[in-house]
Participant: 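Next up is a structure, given as structure tokens.
Since we're looking at a predicted model, the values are computed, not measured.
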Amino acid sequence: MESNNIVDDEYFKSYFNLNVHELMLKDKPRTLAYKNAIELNSIDFKDKVVIDVGSGTGILSMFAAKAGAKRVYAIEGSLMAGYCSQLVEHNKLDSIIKVVHKRMEDIKDEIEDEKVDIIISEWMGFYLFHESMLNSVLYARDRYLKDNGIMFPSRADIFLAPVNMNKLMDKKVNFWNDVYGFDFSILSEPALQELPAPYVEYLEKDQLVLKENKILSVNFNTITCEELEDIIINKIDFKFPENIKPKTIHGFGIWFICYFDGSKGTVELSTAPGDPETHWKQTTILLPSGIDLEGGETMTCRLQMTQDSMNKRIYDLNLEFPDDDEEQEMDDDDEEHEESCDCLKCKIIREHSK
């Protein structure tokens, strides 16, 4: 417990930094998705009571107040709460917005309403779950939200796709093959191992080797904190068409789309490759080495996202390629493969197990 408290202290300290909030506010797809969703569904906010979990500068609270909310509780655990209070007062919204400088889980009697109508929060992290702030939002939901209350965002989908990272490999790995005429290639493997894991950067649409696979749908009205501890997604299948040109995959990209469901309509916030860039970028799980693909093969993988035992704010991402025995349990496939088999699945398993 003490370790988690230390982690939380560091987490909240990191958000007392104007550069962080500048980055998020300048993320127009992110901020405008909230603004548009609240304005489109202003009928849901009119004369309602709202909790904003992790309010930061208070921008979402201000959107809610402008949409007609009767009362907004802006809950902020970091020292940004001081700036938030000043900004609320400066914008003459202090009669509606009450700023509370506490962590959500530490709230006692600061929220005067027994139940609230809406919970808004920008809690999402890389690959959706990084930072585990959703736990605090679910705590607020279970403690304060009315039975028919609204969650903004309301739900999300997570996507996975095999990706080609040739530019990254040329820049950070293949560079070592020829250094001013000398062969430094023995450093290529260590260079690959030193890349951040997972790797967070923008993916171009044409880096997707195959169409993405929707691997998980999450309803924020019903999901529990216990379900977030260990998320396992089995039997993720990718089929390579017969006529596909030879391509190399270097890893698997992950991203999410959030949905704001209101009485007047739904607004989407997409972090997909090809859509307007957000500060979440995309997250790539890199393979130990590139795998050359040929058409006509099917690849099955399993993704496990587990909250780290020492730091609940981060997840350990584990992408596996089931062997025959494991895959048989999933689809009763009893086909045996020779040790020298050169099918796609066997190539990936050999590389991934090095």
Side-chain angles (χ1 to χ4, degrees), residues 27 29-30 33-34 37 121-138 141 151-165 196-205 207-239 249-261 266-287 299-308 312-322 330:
D27 183 340
R30 168 249 191 208
Y34 281 88
S121 179
E122 197 280 78
W123 54 265
M124 298 83 78
F126 303 132
Y127 55 86
L128 187 65
F129 295 123
H130 182 71
E131 293 188 354
S132 295
M133 187 181 162
L134 178 54
N135 292 63
S136 297
V137 177
L138 298 187
R141 179 199 70 189
M151 298 282 287
F152 263 20
S154 315
R155 52 193 171 90
D157 293 326
I158 299 180
F159 300 84
L160 183 76
V163 297
N164 177 279
M165 307 287 282
Y199 185 78
V200 179
E201 194 46 84
Y202 295 113
L203 292 170
E204 300 294 336
K205 186 73 172 179
Q207 289 182 256
L208 306 188
V209 176
L210 286 175
K211 180 176 173 55
E212 66 272 13
N213 196 330
K214 183 167 72 174
I215 60 172
L216 185 67
S217 294
V218 185
N219 185 331
F220 305 129
N221 289 285
T222 58
I223 194 169
T224 66
C225 290
E226 289 73 23
E227 291 176 284
L228 295 174
E229 293 175 0
D230 191 21
I231 300 167
I232 300 175
I233 306 158
N234 284 315
K235 199 167 172 46
I236 307 169
D237 293 328
F238 291 98
K239 174 70 175 179
I249 63 170
H250 299 101
F252 288 78
I254 309 173
W255 63 89
F256 63 88
I257 298 177
C258 281
Y259 308 91
F260 301 77
D261 298 325
T266 296
V267 172
E268 294 186 8
L269 169 54
S270 174
T271 67
D275 285 341
E277 295 179 350
T278 73
H279 75 283
W280 289 288
K281 305 179 182 180
Q282 291 85 35
T283 300
T284 300
I285 302 175
L286 294 170
L287 296 174
M299 174 180 53
T300 298
C301 55
R302 175 194 299 128
L303 178 63
Q304 183 171 11
M305 298 184 280
T306 308
Q307 284 182 339
D308 187 87
K312 298 294 186 182
R313 295 267 173 204
I314 64 174
Y315 277 76
D316 297 319
L317 304 185
N318 185 26
L319 186 67
E320 298 177 339
F321 302 90
M330 292 190 286

Participant: Mind checking salt bridge (charged side-chain N to carboxylate O under 4.0 Å, His left out) for Asp237 and listing every partner two or more places apart, or none if nothing turns up?
Facilitator: Lys235
Participant: Treating Trp280 as the side-chain partner and Met124 as the backbone partner, does any N or O pair qualify as donor plus acceptor under 3.5 Å?
Facilitator: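 Such a contact is found between Trp280 side chain and Met124 backbone.
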Participant: Using every non-hydrogen atom in the two residues, find where Leu208 and Ala161 come nearest and quote the distance to one decimal.
Facilitator: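 Closest approach of Leu208 to Ala161: CD2-CB, 4.2 Å.
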Participant: Looking at every non-hydrogen atom in both residues, tell me the closest pair between Tyr34 and Phe152 and how far apart they are.
Facilitator: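 Heavy atoms of Tyr34 and Phe152 come nearest at CE2-O, 4.3 Å.
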Participant: List for me each residue that meets side-chain hydrogen bond (donor to acceptor under 3.5 Å, both in side chains) alongside Arg141, sequence neighbours excluded, and say none if there are none.
Facilitator: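 side-chain hydrogen bond (donor to acceptor under 3.5 Å, both in side chains) list for Arg141, sorted by chain: empty.
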Participant: Could you state the interatomic distance from OH (Tyr259) to OG1 (Thr266), rounded to the nearest 0.5 Å?
Facilitator: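 One gets 10.0 Å once the value is rounded to the nearest 0.5 Å.
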Participant: Report the C-alpha distance between Phe129 and Leu134 in whole Å, list the side-chain angles of each, state the deciding distance to 0.1 Å, and finish with yes or no for side-chain contact (heavy atoms from CB on, under 4.5 Å).
Facilitator: CA-CA 7 Å; Phe129 295 123; Leu134 178 54; 4.1 Å; yes
Participant: Let me confirm one number: the CG-CD1 distance from Leu319 to Ile236, rounded to the nearest 0.5 Å.
Facilitator: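 That separation rounds to 7.0 Å.
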Participant: Atom CZ of Arg30 and atom CD of Glu122: how far apart are they, to the nearest 0.5 Å?
Facilitator: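 Here the interatomic distance stands at 4.0 Å.
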Participant: Do Pro196 and Leu286 have side-chain heavy atoms sitting under 4.5 Å apart?
Facilitator: no
Participant: So Leu160 and Cys301, do their side chains get closer than 4.5 Å, heavy atoms only?
Facilitator: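 Cys301 reaches Leu160 side chain to side chain.
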Participant: Once you round to the nearest 0.5 Å, how far does NZ of Lys281 lie from OH of Tyr127?
Facilitator: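 Going from NZ on Lys281 over to OH on Tyr127, the span is 15.0 Å.
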Participant: Nearest 0.5 angstrom please: Met305 CE to Ile314 CD1, how far?
Facilitator: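 It comes to 14.5 Å.
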Participant: Answer yes or no: is there a donor N or O on one side and an acceptor on the other, between the side chain of Gln207 and the main chain of Asn164, under 3.5 Å?
Facilitator: yes
Participant: If you look at every heavy atom in Ala33 and Phe260, which pair is closest and at what distance?
Facilitator: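 It is CB-CE1, 4.2 Å.
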Participant: Using salt bridge (charged side-chain N to carboxylate O under 4.0 Å, His left out) as the criterion, list what pairs up with Asp261, not counting sequence neighbours.
Facilitator: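 Arg155.
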Participant: Is the backbone N or O of Met165 less than 3.5 Å from a side-chain atom of His250, with the two atoms forming a donor-acceptor pair by type?
Facilitator: yes
Participant: Side-chain contact test, heavy atoms from C-beta onward, threshold under 4.5 Å: evaluate it for Leu317 versus Phe252 and give yes or no.
Facilitator: no
Participant: Output a table of donor-acceptor pairs, distance under 3.5 Å, between side-chain atoms of residues 197-204 and any protein atom two or more places apart or on a different chain; print 'none' if there are none.
Facilitator:
unit_1 : atom_1 : unit_2 : atom_2 : d
Tyr202 : OH     : Thr278 : O      : 3.0

Participant: Can you tell me how far apart CD (Glu212) and CD1 (Ile158) are? Round to the nearest 0.5 Å.
Facilitator: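 Taking CD in Glu212 and CD1 in Ile158, the distance rounds to 13.5 Å.
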Participant: Closest approach of Thr300 and Pro322, non-hydrogen atoms and distance?
Facilitator: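 Result for this residue pair: O-CD, 3.3 Å.
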Participant: Any chance NZ of Lys214 has more than 12 other-residue heavy atoms, nucleotides or ligands included, within less than 6.0 Å?
Facilitator: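 Not buried by this count: 12 neighbours or fewer within 6.0 Å.
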Participant: I'd like to check the side-chain hydrogen bond (donor to acceptor under 3.5 Å, both in side chains) partners of Asp275; sequence neighbours left out, ordered by chain and number.
Facilitator: Ser270
Participant: Have a look at Glu226 and tell me which of Asp230, Thr224, Leu228 forms a side-chain contact (heavy atoms from CB on, under 4.5 Å) with it.
Facilitator: Thr224
Participant: Kindly give the heavy-atom pair with the smallest separation between Gly253 and Val163, and that separation in Å.
Facilitator: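 Answer, listing the atom of Gly253 first, then Val163: N-CG1, 3.8 Å.
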Participant: Do any N or O atoms from the side chain of Asn219 and from the backbone of Asn221 form a donor-acceptor pair under 3.5 angstrom?
Facilitator: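 Flag set: sc Asn219 to bb Asn221 pair under 3.5 Å.
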Participant: Once side-chain hydrogen bond (donor to acceptor under 3.5 Å, both in side chains) is applied, do any residues pair with Gln307, and if so which ones, sequence neighbours excluded?
Facilitator: Ser132, Tyr315
Participant: How about Phe238 and Ile249: do any of their side-chain heavy atoms sit closer than 4.5 Å?
Facilitator: no
Participant: If only atom types and distance count, is the side chain of Thr271 paired as donor or acceptor with the main-chain N or O of Trp255 below 3.5 Å?
Facilitator: no
Participant: In the structure I gave you, are the side-chain heavy atoms of Thr306 and Glu229 within less than 4.5 Å of one another anywhere?
Facilitator: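 Side chain of Thr306 against side chain of Glu229, heavy atoms only: no contact under 4.5 Å found.
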Participant: Taking the side chain as every heavy atom from C-beta outward, state whether Ile285 and Leu303 have any atom pair closer than 4.5 Å.
Facilitator: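 When only atoms from C-beta onward are counted, Leu303 and Ile285 do touch, with a gap below 4.5 Å.
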